[in-house]
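Notes follow once the structure below has been shown.
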Amino acid sequence: MSDNNITNIMVAGIGGQGVMTAAEILSQTALAQGYDVKKTEVAGMSQRGGVVTSHVRFGNRILSPAIPPGETDILVGFEPAEALRWCEQLRPSGVAMVNTMRQEPPVVSLGLFDYPEDPVGDILKAGINVHAFDAGAISRELGNPKLVNTVMLGAISKYLPFSAEILKNEILDRFRTHKPKLVEINERAFEAGQAAEVANR
Amino acid sequence: MSGNEAVSRGAWEAGCRVAAAYPGTPATEILEYASQMPDMYSEWSVNEKISLEVAIGASLAGSRALCAMKHVGLNIAADALMTQTLVGVNGGLVIAVADDVGLSSSQNEQDSRFWGRFAHVPMLEPADAQEAYEMVKYAFELSERFNAPVILRMTTRICHVKAVVIPGGRKEHCQEAGFQKDASRMVMTPSNARHAIPRMYEREDKLRMFSDECELNYIKKGNDKRVGYITSGPTFMHVQESFPDAPTLKIGLSYPLPMEKIRELASQVEQLVIVEEVEPIAETEIKAAGIEVLGKEILPRIGELAPDVLRPAIAKLLGEEVIQESSSIPVPTPQPQVKVPVSMHNADIFPRPPTMCVACPHLGIYYCLSKIRNTSISGDIGCYTLGAGHPWNALDTTICMGASMGVAHGLDKGRVEADKDKRIIAVIGDSTFMHTGMQGLLDITYNKGNVTVLLLDNRAVGMTGGQYNPGSGRDIHGEESMRVSFAKLCEALGVKSERIHKVNPYELPTLFKAIRQEININDTSVIITNQPCVLVDFYGAQPALSVDDDKCTGCKNCLSIGCPAIYVTRRETVIKPNGKERDLAFVRIDSAACTGCDLCPKTCGPDAIIPMEGFVRQ
């Protein structure tokens, strides 16, 4: 509903990757900006390495918490095959931000299924506006593999209806209260994500 | 806040003094939040029936009480519910039950709305977190006003959705006179129950009239009168999202149904459609009342009725095509309108089924079970149900909580000649064993059964996120409590002490030997594992392991452990001297995930898996 100005963000990945945290941060930020917000995910067994997706919706008034099919504005893919799995949920004008660090499940290691050869290429072939980079490598270079989350949020920050600074501050505030030592490194991770978005068009 | 948090908050504000539950997705967090509230007693009960009984007792004692469970939990608690409805309440009694519509983490998709009809109790269905918060407060009032327990029916889309909720403050509430002895009301002998039944029906009649005037049931007006919708719970939001201008009846008090309001809506629209998830319960009742309505003729009986399902179904009904809506937010670089090819459908991508965690203490158990032939393995509800998956394929049945025991006993007693040498094994976790499994073990020993029980004690309710239980030695607040001795418990249940073994599940040779030995003895035995779930805070991670590439022969033995930290880097096919092809897979270990449990090195012939040099855990 264009008159309602709703932003639909889908965060997709694997249980344990920080999908829910990223969605939580986006929701809190939108809430602080005065939007009505709904966030939904399917949890439970996703904790055991299964597929996990979280839908974040914000706007003047949100009814259904689930993003209707084909109405996703931003797809945040924490893993390339997961991004491919959900990319058809994007609007034609939507954008996919993809971490290219692969995570193969045991069914692939066991040789029962094949991992797609070039998931990002497949997304591109579908005519989707995709930015892909190895957020895992960026995090490791910064010295902490757990920074993937912040890198990905930095990368999507320019596509949000509020400024990147607002999102960055929301993330850093969370660390300021609980883990002040990690504020600086997260700031760098956020900025690295912003740079990666620009560099990977 | 989430719907679950909203229920706890609402209950607390309503002056609820006792809250009890057994963990179960998607309702688990209700009690996790409740445990953080001041002035409200909370507990993890051993099972759902006990949680309801605790709440019943608290209600009769004069306190408002809440119990929470997932849909299948109410099956366990139903025995208490079906008689509680005759007794009634003193302090308000609310049963929050969460249906797993879409089966994200359950063995079935049953519809809890039947319980309102079966137990003749009112049922409320919130449409989002704010309503869950308001309705739980309303439910306590309703419970006291009509002298009935009230069921608050939630679904995953209410429990796990976070939305804006505006909370208030707590108002203390209790029946000051306390517990009032009245055997004719609370001792349900046949003669007393006989008098209670007419009172229950009288109450139901009053509730039926009340439903039509209840403010939770209202018609939202609309101009598109081609179709009018009847909705309850999350379907109201889905219908509003899909058809914002259609007249819609929003049912909050969903049992008894507001039949006059349904008639009113029917008179205003050309066609009436009822949007109810899972069973056509209200549909059947509406049709029986002589009102024309479409329901399961055009909508599926399985899963959620979200806009992706509703829009095409209604378009078909109206003979329209589905219209794609345009973008709502500005995107810096406008893209050409493209259609994703059909071949890209996500079904084409490999599945990613849930699997056991890295270093899970159950991995060794299933590795052993997958190597033992001629067994029937009766499983149970918990993480170890995942043993049915790859690479182990070592679970033959899973029915419901605690069923592994009775089913194993039945597999033994009901065996036919073809299975005369089959060894019967039951696999059950600590929490499930205490929930409803231990009675099954008693049945086996009492009836001279022959089952080898693997009691996987990981000291937590693993599948729901590691909640504490009587095997953890901690209570809901994390404070020290008694810790049950499973060896003593099993002995008390009739297992001979020499048939009870405690083993470390990471010591593969010992574990393998214990299972081998016990399945070949004609008596019931219990093998208890003793290592904690990797999700609990007292799990001790060790330095990560790594693979020496020069030594790895690609034999794939370590992959049959099923640890997600082991991944394949290279595959090769070699021709053996006998001319047969052999597939090799060379592996590495994800050092960020590995906790150094030391299980996989025991499967590695060439000793290629070694501690990682200079590893520092982050």
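From a predicted model like this one, the values you see are computed outputs, not experimental measurements. Naming: A, B, ... by sequence-line order, numbering from 1 per chain.
Looking at B:P26, neither its backbone nor its side chain comes within 4.5 Å of chain A, counting heavy atoms on both sides. When heavy atoms are compared at a cutoff of 4.5 Å, B:D128 approaches chain A solely by way of its side chain, counted from C-beta outward. Contacts of B:P351 with chain A are made by both backbone and side-chain atoms, with heavy-atom separations under 4.5 Å. Contact annotation for A:I67: neither backbone nor side-chain heavy atoms come within less than 4.5 Å of a heavy atom of chain B.
Under the 6.0 Å distance and 45° angle rule, A:R57 does not count as a cation-pi partner of A:Y35.
Annotation: residues 99-110 of chain A contacts chain B through A:Q103, A:E104, A:P105, A:P106, A:V107, A:V108, A:S109, A:L110 [non-hydrogen atoms, separation under 4.5 Å]. Contact residues of residues 171-179 of chain A toward chain B are absent (heavy-atom distance under 4.5 Å).
Taking the charged nitrogens against the carboxylate oxygens, A:R188 and A:E191 have no contact shorter than 4.0 Å, which rules out a salt bridge. Between B:R571 and B:D583 there is no salt bridge, since no side-chain nitrogen of the basic residue lies less than 4.0 Å from a carboxylate oxygen of the acidic one. A salt bridge is absent between A:E170 and A:K168: the closest approach of a Lys/Arg side-chain nitrogen to an acidic carboxylate oxygen does not fall below 4.0 angstrom. A:E71 has a carboxylate O that lies under 4.0 Å from a charged side-chain N of B:R311, or vice versa, which qualifies the two as a salt bridge. With respect to the salt-bridge test (charged N to carboxylate O, under 4.0 angstrom), the residues A:E41 and B:K162 do not qualify.
Per-residue heavy-atom pair counts under 4.5 Å with chain B were compared for A:L31, A:V37, A:V56, and the maximum is reached by A:V37. Contacts with chain A were tallied for B:D308, B:T235, B:D590; B:D308 has the most, counting heavy-atom pairs under 4.5 Å. When B:L559, B:V587, B:I566 are compared by the number of non-hydrogen pairs under 4.5 Å with chain A, B:L559 comes out ahead.
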Evaluate the criterion ring-ring contact (aromatic ring centres under 6.0 Å, His included) for residue pair A:F162 and A:F58; output intermediate values, then yes/no. CA-CA 12 Å; A:F162 40 79; A:F58 54 90; 5.8 Å; yes

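For the atom pair CG (A:L75) and CZ (A:R91), the distance works out to 13.5 Å, reported to the nearest 0.5 Å. Here the CZ-CG distance, from B:R570 to B:L584, works out to 8.5 Å after rounding to the nearest 0.5 Å.
Between B:K556 and B:F586, every side-chain heavy-atom pair lies at or beyond the 4.5 Å cut-off.
Looking at residues two or more places apart in sequence or on another chain, you find a salt bridge (charged side-chain N to carboxylate O under 4.0 Å, His left out) between B:R588 and B:D549. Residues satisfying the salt bridge (charged side-chain N to carboxylate O under 4.0 Å, His left out) criterion with B:E581, sequence neighbours excluded, are absent altogether.
Judged by distance alone, the side chain of B:E29 and the main-chain N or O of B:E32 form no donor-acceptor pair under 3.5 Å.
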